[in-house]
Engineer: 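Have a look at this one before I ask anything.
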Protein chains: 2
Amino acid sequence: MAAKLPHALYPLIRKLESVTRLSDEERQAIESLPVRVRTLPAKQDIVRDGDRATQCCVILEGWAYRYKFLAEGRRQIFSFHIAGDIPDLQSMHIPLMDHTLGTMTQAIVAFIPHENLHDITARFPAIAAALWRDTLIDAALFREWLISMGRRPAFEHLAHLFCELYLKQEAVGLAGDHRCPLPITQIDLADATGMTSVHINRVLKEMRGRGLITLHRQTLVVKAWDELVRASEFDATYLHLQKRTAG
Amino acid sequence: MAAKLPHALYPLIRKLESVTRLSDEERQAIESLPVRVRTLPAKQDIVRDGDRATQCCVILEGWAYRYKFLAEGRRQIFSFHIAGDIPDLQSMHIPLMDHTLGTMTQAIVAFIPHENLHDITARFPAIAAALWRDTLIDAALFREWLISMGRRPAFEHLAHLFCELYLKQEAVGLAGDHRCPLPITQIDLADATGMTSVHINRVLKEMRGRGLITLHRQTLVVKAWDELVRASEFDATYLHLQKRTAG
DNA sequence: CGGACGCTTGAAGAGTATCAAGCCAGGTGG
DNA sequence: CCACCTGGCTTGATACTCTTCAAGCGTCCG
C-alpha cells in the first residue's frame, strides 16, 4: 500500500478542522476544489489595492501580510498570515481590493477561483459558516490591534503582538516551546504598530534587557512567557482558538 | 385603502437593499423573522464583553457603539452604529463576546435569535451573502481605523472620522447637505481615536478656526467638505457603498 | 569586493499626555 | 423659581513618549 500524500490544501483543512467538524463529504468537496499552486518569491504583491479580485489565495507555506500605502510613503500593515490562512477571503464578497496582499518570505500559495468558492459555500452551509467565522476572527484581530494602537504604550503593544504571533503559530503546529519563526523586519514591525523603526529598535533592546525575549535570525524566543503576557495584559480570548493552548 | 405601515425591520432591509438585490421571497423571509423590539435608554450595555450571545441586535433608531475596557479605566471604542446596522452580527458565528455593545443615545433595537438567523441564511444564500458582506465591510472600517491610528496625525485622523460618519449616514438617508447628527462626546471621540479628550478639544478648536466644521448640540456641520476630504486624504472606497454619493 | 539592507545608537525636537482649574448649560430638588 | 449639581467643554502650564535626523556598523549576496 502506497502512503497517501497529503492534499495540497491540507493546511487549510487543518485550520478549518481546528474550528469546525467537517464531514467526509465536506472534506472531499474542499479537496476537489480546483487549485492552482504557485511558488512566489519574497516581497511580491499577490493582489493590489484597487484590483478587482476573481480568486482567493490560500497560504500553504511561508508568510504574507496585508498593508496599504498612504501619501509620502507612509504604510500601515494590517495583519500577518501563515500557512492555512486565506488572507483575501473577503474578496469573495468585496472583489474591489481596498488594500494590498503580498508575500513577506518566499511562499507557496494556492489560488481558488471565487466561482468555485461561491459554489461550495452554497452547497455546504457548514463550510460557508466555517469560512465566514474565519473572516470574523480576522476582524477580531483588527479590533485587538486597534486597542494596541489606541491605548497601549509601545512596550505593551509590541509585547502583545509577540504573544499573538506566537500563539497563532502554536495553534496550527508551527511553533512550540515558546519559540517560533518571525520573518519580520524592524521596519515591518514599525509599520504594523504605527511606530518608527528606531523606536521599535529601542523597545526591542529593552525587552532583551529585561530578559523577556530574544529576536535573532528571524526567530523569536520568548524567555519569560508569563511576564510577557503580564506586561501586555494579553488575553487570548479574541483569537477564538478552539483547542486552547497550555500557554 | 389603508396605507401599509413600514415593517419594523425596514431600516435593515433598506440597508441590505443598498448593497444587494433581494427577491420578494427573500424580503418576506426577513419580514417574517421573529423580532422583539425594545426601547433602551442612553448609555446602556446591550451585550457585554465575556457574555455568550444567543441573539443579534438590529439598530432601528438611535446610536450604538462597540468598545472594550482595559486596566486603569482605559477604553477603546471600535465603531459607531446607526439605524440599519447589526453591530453584533459576528456573535452568530462567535457567540463569546470579546467586547461590549452599548447604546450611546436612547435607541430602539430589534432582537433576533441566532437560531432564526442560522435558519434564514441556510435557506437563502443571497441573504447569507449580504450579511456576510456586511461583516466584511465592518472589517474594512477597522482596517481604515488602523491606518488612522497608526499613520495619521490627530488632525487628519479626526477629519477622516468625520468624513466617514457623515457619509455612512448620508448613504442611508440620515444626513444630507453636509450636516448630520453626531451624538458623540469629546470623551467618546478620544476613546475612538486613541487620544485624550483635552487633545480632541484642541484639534476641534483648530478645525473650527480653519472654517472646516462646526460641532454643536450634537450636530456636525461640514462647512468645507472638499477641504476636509483633502486634509484627511479621505477616499470612500473602503466604505464599499453601492450608490456612490455625490460628495 | 562592493553595495544594499537591516540593525544600532545619539542628539534634538515635535506631538500629545498629564495635571489642574474654571466655565457653561441642562436637569433636579427644595 | 431659584439653587445646586453634574457632565461636558475649554484653557494653560508642564512633562514625557516617540519622532526625526544623522551617522556608523554588520552581514549577506552578487
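Bear in mind the structure is a predicted one, so any value in this text is a computation, not a measurement. Chain letters run A, B, ... following the sequence lines, proteins first, then strands; residues in each count from 1.
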Engineer: How far does the helix from C:dC1-D:dG30 to C:dG30-D:dC1 bend, going by the axes of its first and last five pairs, to the nearest 10°?
Structural biologist: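 For the helix from C:dC1-D:dG30 to C:dG30-D:dC1, the axes at opposite ends meet at about 40°.
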Engineer: Step by step, would you call A:L146 with B:L146 a side chain to side chain contact (heavy atoms under 4.5 Å, CB included)?
Structural biologist: CA-CA 6 Å; A:L146 275 175; B:L146 275 174; 4.0 Å; yes
Engineer: With sequence neighbours left out, what residues match B:D51 under side-chain contact (heavy atoms from CB on, under 4.5 Å)?
Structural biologist: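 Applying side-chain contact (heavy atoms from CB on, under 4.5 Å) to B:D51 gives B:V47, B:R48, B:M97.
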Engineer: Answer yes if the ring centres of A:F142 and A:H99 are under 6.0 angstrom apart, and no otherwise.
Structural biologist: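 That pair fails the under 6.0 Å test.
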Engineer: May I ask you to decide whether B:R152 forms a salt bridge with B:E144, counting only side-chain N to carboxylate O separations under 4.0 Å?
Structural biologist: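 Salt bridge flag = yes for B:E144 with B:R152.
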Engineer: For the atom pair CG (B:L60) and CG (B:D85), what is the distance rounded to the nearest 0.5 Å?
Structural biologist: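 Between B:L60 CG and B:D85 CG, I get 11.0 Å after rounding to 0.5 Å.
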Engineer: Can you tell me how far the CD atom of B:E170 sits from the CG atom of B:D177, to the nearest 0.5 Å?
Structural biologist: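 Taking CD in B:E170 and CG in B:D177, the distance rounds to 10.0 Å.
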Engineer: Just to verify, which of A:R151, A:E156, A:H157 counts as forming a side-chain contact (heavy atoms from CB on, under 4.5 Å) with A:P153?
Structural biologist: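 Single side-chain contact (heavy atoms from CB on, under 4.5 Å) partner of A:P153 among A:R151, A:E156, A:H157: A:E156.
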Engineer: Does A:P183 have any side-chain contact (heavy atoms from CB on, under 4.5 Å) partners at least two apart in sequence or in another chain, and if so, which?
Structural biologist: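 side-chain contact (heavy atoms from CB on, under 4.5 Å) check on A:P183 returns A:W63, A:T105, A:Q218.
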Engineer: Are any side-chain N or O atoms of A:K15 and backbone N or O atoms of A:D134, one a donor and one an acceptor, separated by less than 3.5 Å?
Structural biologist: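 The answer is no, because no donor-acceptor pair under 3.5 Å joins these two groups.
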Engineer: Just to be sure I understand the geometry, which residues of residues 179-195 of chain B put a non-hydrogen atom under 4.0 Å away from DNA chain D?
Structural biologist: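 Residues of residues 179-195 of chain B that come under 4.0 Å of DNA chain D are, in numerical order, B:T185, B:Q186.
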Engineer: Which residues in residues 144-162 of chain A have at least one heavy atom lying under 4.0 Å from any atom of DNA chain D?
Structural biologist: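 Going residue by residue through residues 144-162 of chain A, the ones with a heavy atom under 4.0 Å of DNA chain D turn out to be A:P153, A:A154.
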Engineer: Whether B:E233 and A:R74 form a salt bridge (side-chain N of Lys/Arg under 4.0 Å from carboxylate O of Asp/Glu) is what I want to check.
Structural biologist: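 Between B:E233 and A:R74 there is a salt bridge, with a charged N closer than 4.0 Å to a carboxylate O.
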Engineer: Under the salt bridge (Lys or Arg N to Asp or Glu O under 4.0 Å) rule, what pairs show up with a residue in residues 178-189 of chain A, not counting sequence neighbours?
Structural biologist: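 Listed by first then second residue: A:R75-A:D188.
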Engineer: Going by number, which of residues 205-220 of chain B have a non-hydrogen atom under 4.0 Å from DNA chain C?
Structural biologist: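 Listed by number, they are B:R217.
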Engineer: If you look only at pairs with a residue in residues 95-105 of chain A, which of them pass as a salt bridge (Lys or Arg N to Asp or Glu O under 4.0 Å), with sequence neighbours excluded?
Structural biologist: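 Counting only pairs at least two positions apart or across chains, the salt bridge (Lys or Arg N to Asp or Glu O under 4.0 Å) contacts touching residues 95-105 of chain A are A:D98-B:R143.
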Engineer: Is the closest basic N to carboxylate O distance between A:R210 and A:E206 below 4.0 Å?
Structural biologist: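 Between A:E206 and A:R210 there is a salt bridge, with a charged N closer than 4.0 Å to a carboxylate O.
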Engineer: Could you list where the contact with chain B starts and ends along DNA chain D, reading 5' to 3', using a 4.0 Å heavy-atom cut-off?
Structural biologist: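 Taking any atom under 4.0 Å from a heavy atom of chain B, the span is D:dG8 to D:dA13.
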Engineer: Could you name each residue pair satisfying salt bridge (Lys or Arg N to Asp or Glu O under 4.0 Å) that touches residues 56-69 of chain B, not counting sequence neighbours?
Structural biologist: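 Non-adjacent pairs meeting salt bridge (Lys or Arg N to Asp or Glu O under 4.0 Å): B:R66-B:D138.
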Engineer: I need the single residue from A:L215, A:T219, A:I213 that forms a side-chain contact (heavy atoms from CB on, under 4.5 Å) with A:L182. Which is it?
Structural biologist: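 For A:L182, the side-chain contact (heavy atoms from CB on, under 4.5 Å) check succeeds only for A:L215.
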Engineer: Treating A:T103 as the side-chain partner and A:K43 as the backbone partner, does any N or O pair qualify as donor plus acceptor under 3.5 Å?
Structural biologist: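 A pair under 3.5 Å: yes.
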Engineer: Could you tell me the boundaries of the chain B footprint on DNA chain C, defined by atoms under 4.0 Å from its heavy atoms?
Structural biologist: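 Endpoints of the contacted stretch of DNA chain C: C:dT16 to C:dG26.
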Engineer: List the residues meeting side-chain contact (heavy atoms from CB on, under 4.5 Å) with A:L96, not counting sequence neighbours, and say none if there are none.
Structural biologist: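 For A:L96 the side-chain contact (heavy atoms from CB on, under 4.5 Å) partners, ignoring immediate neighbours, are A:R52, B:T237.
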